[in-house]
Amino acid sequence: QVQLVESGGGLVQPGGSLRLSCVASGSIFSMLAMNWFRQAPGKERELVAAITSGESTYYADSVKGRFTISRDNAKSTVSLQMNSLKPEDTAVYYCNARYLALNNWGQGTQVTVSS
């Protein structure tokens, strides 16, 4: 089991920026595929961004060009830089780690984009 601890959520005005971070326990971080999901009220959880162990990345169309996912294997950390935030980005954001049979989730962090 990999423990994931998120930070960086909060309230921001439209057009602003936030940086989410997720720190993973254990020594296998470099092997993990890391993902950020989000779930808005009344909506299903959606994949926002993903990064593989080889640092290939994926972004949902709704965030492409605004969000950047990155990883620092030395710090066992995956980050999501969110720029040009929109009210529709308001959601609980979850860090997710996958490797073979492993599929672990962070506790979630609230991101609210509102004026």
Side-chain angles (χ1 to χ4, degrees):
Q1 199 81 356
V2 175
Q3 186 177 69
L4 306 173
V5 180
E6 301 178 7
S7 62
L11 174 65
V12 65
Q13 291 190 338
S17 298
L18 284 174
R19 185 176 180 88
L20 306 182
S21 295
C22 174
V23 180
S25 66
S27 61
I28 64 167
F29 180 81
S30 63
M31 303 179 188
L32 303 174
M34 301 298 300
N35 313 286
W36 287 97
F37 287 80
R38 69 185 182 188
Q39 188 164 26
K43 295 187 176 181
E44 294 187 351
R45 184 183 62 189
E46 66 172 338
L47 177 64
V48 176
I51 185 166
T52 68
S53 61
E55 299 195 2
S56 297
T57 58
Y58 163 86
Y59 299 95
D61 288 343
S62 59
V63 308
K64 195 174 184 67
R66 300 187 297 120
F67 291 12
T68 302
I69 189 171
S70 61
R71 67 191 299 155
D72 186 336
N73 290 340
K75 297 180 179 179
S76 296
T77 299
V78 63
S79 298
L80 185 68
Q81 178 67 45
M82 305 186 295
N83 299 325
S84 302
L85 283 162
K86 305 174 180 179
E88 64 203 66
D89 296 318
T90 295
V92 178
Y93 284 71
Y94 297 93
C95 179
N96 169 253
R98 289 184 173 134
Y99 178 69
L100 300 177
L102 184 148
N103 186 11
N104 287 357
W105 296 85
Q107 79 285 356
T109 184
Q110 176 71 49
V111 172
T112 302
V113 184
S114 176
S115 60

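Computed from heavy atoms alone, side chains included, the values below leave out hydrogens, waters and symmetry copies. Every value quoted in this text rests on a predicted model; they were computed, and no experiment measured them.
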Going only through I, L, V, M, F, W and Y residues with side-chain contacts under 4.5 Å, is there a path from [X] to [Y]?
X	Y	value
Leu47	Met82	no
Val92	Val113	no
Val23	Leu20	no
Tyr59	Val48	yes
Val5	Val78	no

Quiz item: Does the pair Ile69 and Trp36 meet the rule for a side-chain contact (heavy atoms from CB on, under 4.5 Å), with working shown?
Solution: CA-CA 8 Å; Ile69 189 171; Trp36 287 97; 3.6 Å; yes
Quiz item: Heavy atoms, side chains only, cut-off 4.5 Å: are Leu85 and Phe67 in contact?
Solution: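 A side-chain contact exists here, since the closest heavy-atom pair is under 4.5 Å.
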Quiz item: Taking the side chain as C-beta and beyond, is there a heavy-atom pair between Arg38 and Glu46 under 4.5 Å?
Solution: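 Sidechains of Glu46 and Arg38: in contact.
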Any chance you could measure [X], atom [atom1], to [Y], atom [atom2], to the nearest 0.5 Å?
X	Y	atom1	atom2	value
Leu4	Ser21	CG	OG	12.5 Å
Ser70	Met34	OG	CE	11.0 Å
Ser114	Asp89	OG	CG	12.5 Å
Asn103	Asn35	CG	CG	8.5 Å
Thr57	Lys64	OG1	NZ	7.0 Å
Ser79	Glu6	OG	CD	11.0 Å

[X] and [Y]: which non-hydrogen atoms are nearest, and at how many Å?
X	Y	result
Gly26	Ser76	O-OG, 4.3 Å
Ser17	Ser84	OG-N, 4.3 Å
Ala97	Leu102	O-CD2, 3.3 Å

Are a donor atom and an acceptor atom from the side chains of [X] and [Y] found within less than 3.5 Å of each other?
X	Y	answer
Asn104	Asn96	no
Asp72	Thr77	no
Gln110	Thr112	yes

Quiz item: Does Glu55 come within less than 4.0 Å of Arg71, counting only side-chain N to carboxylate O?
Solution: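 Result for this pair is no, no salt bridge flagged.
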Quiz item: Taking the six-membered ring for Trp, are the ring centroids of Trp105 and Phe37 within less than 6.0 Å of each other?
Solution: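 They qualify: ring centres under 6.0 Å apart.
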Quiz item: Should the pair Arg45 and Tyr94 be classed as cation-pi, given the thresholds of under 6.0 Å to the six-membered ring centre and 45° from the axis?
Solution: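 Ring-cation test returns no.
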Self-check item: Candidate pair Thr90 and Val111, rule side-chain contact (heavy atoms from CB on, under 4.5 Å), full reasoning
Solution: CA-CA 5 Å; Thr90 295; Val111 172; 5.9 Å; no
